[in-house]
Structure formats: C-alpha cells, structure tokens
Amino acid sequence: MCNWKKIIFQTGIIAGFGVFFSCGNSGEQQVNQQKKKSQKNALSIIRNDDCLNCHNIQDKTVGPPYNEIAKRYETNNENIKNLSDKIINGGGGIWGGAQMSKHPFLKSRDASKIVRWILSLDSEEVLKITQIPGLSIQDLKDKPIEKGISFRFYSPENHNFSSSLPEIAESVSPLDELFVPQIHFKGKSVFSPISESFYLIAKGKLKIEKVGKYFFKMEKSGKGELSINNRVVISDSEEDQEIVLDLTQGSHDFSLKYLSSKGEETLSLQWIVPGDEYYSVIPVEFFE
Ligand code: HEC
C-alpha cells in the first residue's frame, strides 16, 4: 500500500475549506458556481466528497470496490432508490464488518446520479471502452516508431521488485528494446518474438495538461509495479491495482516493471482524466 491515498485525503480536507471560505462570493458568482455544480458528473461528485477515503473503483479498501457493487445489483429503480438512501443514511451488514458513514448533506438527486454511475461500471458499453484490440511486439517491430514509451526486455533473472526504482545495472544488456505508443497488451503471443519469460522495464514521460485527480489502473497477469515521479504508486500485490493522484501541469516521469506470466499475458495501463467518468487506455498523445 502506498501513502499517496492519505495525502489525497488531506488535500481533500483543504479543498473543503476552500469551499467554505468562498461562501462570501457575490450572488452572480454563486449562481455560476451552482450551475457548474449541477453539471458535475457522478465521478466529480465522488471526487469532491469523502467516498474515495473508503472506496476505489477496482480495489477493495474499507468499503467494497464500485465495480463489485455494479456486479451485485441490477440497474433498476428499486436498487437505485435503496442504494441512494444507504449512501445518505450510512450503515453496514451487506459486505462484511465495516460501516459506511452518513452523508446527510448529499442531495438525493446527486446520490442517485452516483448510484447510476456505479451500476453502469459492469455494463457492456462501459467495458467496451477498454476492450480495444491490444498491440503486439511483432507488429511494432515490423513498423518501428521513433518516440514513445521505451520498452526494454531483460532475462527474468535480472528482475528485482524489492528496490523501489526499476534500475538495472548498466552492465546488463537488454534482450531487446523498442518504443511502443501505448501500454495495452492482451493475449497469448503478444510479446513474441521475445522469449517466453522476460522482465520488462518501461519508461516514459506523461504530459499532463489538466490539473486534478487522475485515476490510474494497471491490469496485469504477471508481477507488475508502477512508479510515477520515482515513487511506487501501484505495488506488486493483487489488492493494489489502482491509485488516485493529484497531478500538476507538466511532464511526469513514469516507469513500470513487469515480470511475464508465461502464456496468456495482460499488461494494460489505463486512466481516468479529470472530467471523465470511465477508464480508457492512455492514448499515445499523452506520452512524450
Ligand atoms: C467511512 C467509510 C466510507 C465512506 C466515507 C463511504 N463509504 Fe460507501 N461503504 C462503506 C462500507 C464499509 C460499505 C459496506 C456497507 C455494508 O456492508 O452494508 C459501503 C457500501 C457502499 C455501497 C453499497 C451499499 C450496499 O448496501 O450494498 C455504495 C453504493 C457506497 N458505499 C457508495 C458510497 C459513496 C457514493 C460514498 C461517498 C458519498 C461512500 N460510499 C462513502 C464505507 C464508506
């Protein structure tokens, strides 16, 4: 587990004060703010409330992950009503020992907007967004690109998940290296002609234009770890698949380590940018 989630929690509180201090605005400004508020999508309401202290989309934390809630309940008016009431009133007893806190200030309209979004997470339309065809190393070798994310493949003996930085001794030469436009590999022979077992180090820079909270998700069949600005943000553990980070404008170093799973491989790096509601594969234009 990493401590970034705690930092976000603290900045959340500071942001809360920001809202408090801005109450003295002129009437016109208040109306504008209200308008903006009512246009907020479900995920921005969640981002601005305390939900992320206890819930992730994918990972189990204090509360159940939202995609598990989506799998449990059908989308119908009764479930939308009951779950909205539960968020407002709090409570427990369904998912295990923990209790959800009350959210008496959440409007019931916003609560049902949130519930609709949560329940949409396992719908076909939403799942389709990340079911775009994966890349293959052979295709990239046939049509090499000159910029993008640097992929270096090493023999698996060189892997080291215990150090936080994916550094490998200068003296170790990679089995192969190339640039890739996206991290989205899914299937049996997507990494051929690289040997069946390998250790991969991917490095690049992410260009961030919109300041705000970014969700990152790493889907992996083998062992894998993601670092942003030289900090491990997604560790190699089954429960740790996603992270929410406050990113500033500019360029951010990222690196990823992956140890092949031999056979069916999945390695996909996805995000939700501020303003969006669903995961998508990070597109090429965001990599320097
Ligand atoms: C203090 C931690 C905490 C916070 C904050 C929190 N939740 Fe929960 N949430 C939980 C726990 C624990 C459960 C499981 C409760 C149970 O087992 O019935 C849960 C359950 C849920 C459920 C499923 C309820 C059910 O009956 O199946 C939804 C939907 C939900 N939370 C949404 C939210 C939203 C939206 C927010 C923010 C407005 C939020 N939660 C804030 C801890 C929290």
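One is the number of the first residue; the rest follow in order along the sequence. Everything numeric here is computed off the predicted structure, so don't read it as measured data.
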Plane angle bin for F198 and F153 - parallel if under 30°, tilted between 30 and 60°, otherwise perpendicular: perpendicular
Close side-chain approach of H252 to L247, heavy-atom, < 4.5 Å: yes
Salt bridge flag under 4.0 Å for residues D176 and R152: no
Main-chain N/O of Y73 paired to N79 side chain as donor or acceptor, under 3.5 Å: no
Note: K217-E219 ion pair, threshold 4.0 Å (strictly below): yes
Donor-acceptor contact below 3.5 Å, side chain N41 vs main chain G275: yes
Criterion salt bridge (Lys or Arg N to Asp or Glu O under 4.0 Å) against D253, the qualifying member of K207, K205, K203: K205
S268 side-chain N/O to H184 backbone N/O, donor-acceptor pair under 3.5 Å: no
Side chain proximity check, D240 to D59, heavy atoms < 4.5 angstrom: yes
Carboxylate-amine/guanidinium contact K143 D139, below 4.0 Å: no
Hydrophobic cluster membership, I132 vs V273, 4.5 Å side-chain cutoff: no
Pairwise side-chain contact, C54 with M100, heavy-atom cut-off 4.5 Å (strictly under): no
Salt bridge (charged side-chain N to carboxylate O under 4.0 Å, His left out) between K223 and D236, intermediate numbers included: CA-CA 6 Å; K223 282 161 85 62; D236 174 46; 2.8 Å; yes
Point-to-point distance, once rounded to the nearest 0.5 Å, from CD of Q99 to OG of S101: 10.0 Å
Check: Y258/E265 side-chain N/O donor and acceptor closer than 3.5 Å: yes
Validation row: E225, V233 side chains within 4.5 angstrom (heavy atoms): no
Just distance, no hydrogens or angles: give the donor-acceptor pairs under 3.5 Å from side chains in residues 278-288, sequence neighbours left out.
{"unit_1": "Y278", "atom_1": "OH", "unit_2": "S120", "atom_2": "OG", "d": "2.6"}
{"unit_1": "Y279", "atom_1": "OH", "unit_2": "E242", "atom_2": "OE1", "d": "2.5"}

Distance (rounded to the nearest 0.5 Å) between F151 CZ and L256 CG: 7.0 Å
Test salt bridge (charged side-chain N to carboxylate O under 4.0 Å, His left out) applied to E125 and K128, step by step: CA-CA 5 Å; E125 293 103 295; K128 236 188 249 160; over 6 Å; no
